[in-house]
Number of protein chains: 2
Amino acid sequence: MTNRVRRTMPLLPISIVMQLTELTARQIRYYEEHELISPARTEGNKRMFSLNDVDTLLEIKDHLDQGLNIAGIKKIFDMRNQPKNEMAEPKNLSDAELRKILREELQGTRSYERGGLRQGDLSRFFKGNG
Amino acid sequence: MTNRVRRTMPLLPISIVMQLTELTARQIRYYEEHELISPARTEGNKRMFSLNDVDTLLEIKDHLDQGLNIAGIKKIFDMRNQPKNEMAEPKNLSDAELRKILREELQGTRSYERGGLRQGDLSRFFKGNG
DNA sequence: ACACGATGTTAGGTAATCTGACACAATAAA
DNA sequence: TTTATTGTGTCAGATTACCTAACATCGTGT
């Protein structure tokens, strides 16, 4: 059986992810709608999240806190998933678009006060022996 | 915030635990009824399981496969949780009872063919980086 | 002033889970 | 052999947790 269980395995219902990330269901669904995450679905269409999903959500939260918008975050994620740049394709992000994103990032609203987890914290989850 | 997340945190709904352990909901509830596990409950009374719970369930499954009965397993767990033996109390497990348990254990039905996880496998869950 | 982006909220629907009861096969006890 | 007991299956009826879709709101940027 190739049934190795991993960080990508859909284990968590949205309620738990809400607690873990301190995001509302609305927010989480909205981010999915904009393809920042793609949680699995049960047969009955309920979202099930992996630990990677939770990590991604925490990262989204960080970026938003720093003034990025969804489009910018998406761009970042997309770049990360393009292993190398085969720059033959006509990149259809205009200069204006890019500048806008950068501008928003640079003027960073920087409102840092969070009770919950932070990006990377998930590695702590399952280490110790209780 | 003392919000360290651990193996004891209730994260998993019963459906996922069923997949992970290859036990039926009936079995899982039955083991709870007999106090082998004590999963947390949501406000709405749904069971939520920790990784420790899953480990325990896998151990229960092993023991049952080896011919132990619920009472025996419970005894084992109880002993484990009694840090040291303060043998002043009148132990109310009769010799007969003890012998019965041992007998059952020794004649072990030993039907070993399992596709799923084994006790200890959970440590594999969240190590690697994808 | 207006449009847009991110989120709140509500309504109506359904999947997942709950408890409790009864059935049953395999074992143990009488 | 007959009669419990154990562990599990299954069903019914109730309730929770989740779903989508729509509209409301609040802040920011143009």
Legend entry - Rounded distance [0.5 Å steps], CZ in A:R41 versus NZ in A:K46: 10.0 Å
Legend entry - For atom CG of A:N45 and atom P of C:dG12, their distance in whole Å: 21 Å
Legend entry - From C:dT19, D:dC18, C:dA16, nucleotide with atom closest to B:R47 side chain: C:dT19
Legend entry - Gap between atoms CD and C1', on A:E33 and C:dG5 respectively (whole Å): 12 Å
Inset, instruction - Working to the nearest 0.5 Å, report the span between CD of B:E22 and CD of B:Q27. - result: 10.5 Å
Inset, instruction - Return the residues of residues 23-32 of chain B meeting this criterion: a heavy atom under 4.0 Å from some atom of DNA chain D. Order them by number, or give none. - result: B:T24, B:R26, B:Q27, B:Y30, B:Y31
Inset, instruction - For the pair A:L64 and A:N69, evaluate side-chain contact (heavy atoms from CB on, under 4.5 Å) and give the outcome as yes or no after the intermediate values. - result: CA-CA 6 Å; A:L64 286 174; A:N69 62 11; 5.6 Å; no
Inset, instruction - Whole angstrom is fine here: how far is it from CG in A:N69 over to P in D:dG27? - result: 19 Å
Legend entry - Stepwise side-chain contact (heavy atoms from CB on, under 4.5 Å) test for B:H34 and B:K74: CA-CA 8 Å; B:H34 289 266; B:K74 179 137 206 294; 5.6 Å; no
Legend entry - Whole-Å gap separating P (D:dA17) and CZ (B:R41): 12 Å
Legend entry - Contact nearer the 5' end of DNA chain D, comparing B:H34 with B:K46: B:H34
Inset, instruction - Let me know the distance between NZ of A:K61 and C1' of C:dA6, rounded to the nearest Å. - result: 15 Å
Inset, instruction - Verify the contact: side-chain N or O of A:T42 to OP1 or OP2 of C:dA15, cut-off strictly under 4.0 Å; return yes or no. - result: no
Inset, instruction - Would you tell me whether A:D53 and A:T56 have side-chain atoms, one donor and one acceptor, within less than 3.5 Å of each other? - result: no
Legend entry - Separation of atom CD1 in A:I14 from atom C1' in C:dA15, rounded to whole Å: 15 Å
Inset, instruction - Please state how far atom CG in A:L64 lies from atom P in C:dA6, giving the value in whole angstrom units. - result: 7 Å
Inset, instruction - Can you establish whether the number of heavy atoms outside A:E33 located under 6.0 Å from its atom CD is more than 12? - result: yes
Legend entry - Interatomic distance where CE belongs to B:M18 and C1' belongs to C:dT17 [whole Å]: 11 Å
Legend entry - Point-to-point distance, once rounded to the nearest 0.5 Å, from NZ of B:K61 to OH of B:Y31: 9.0 Å
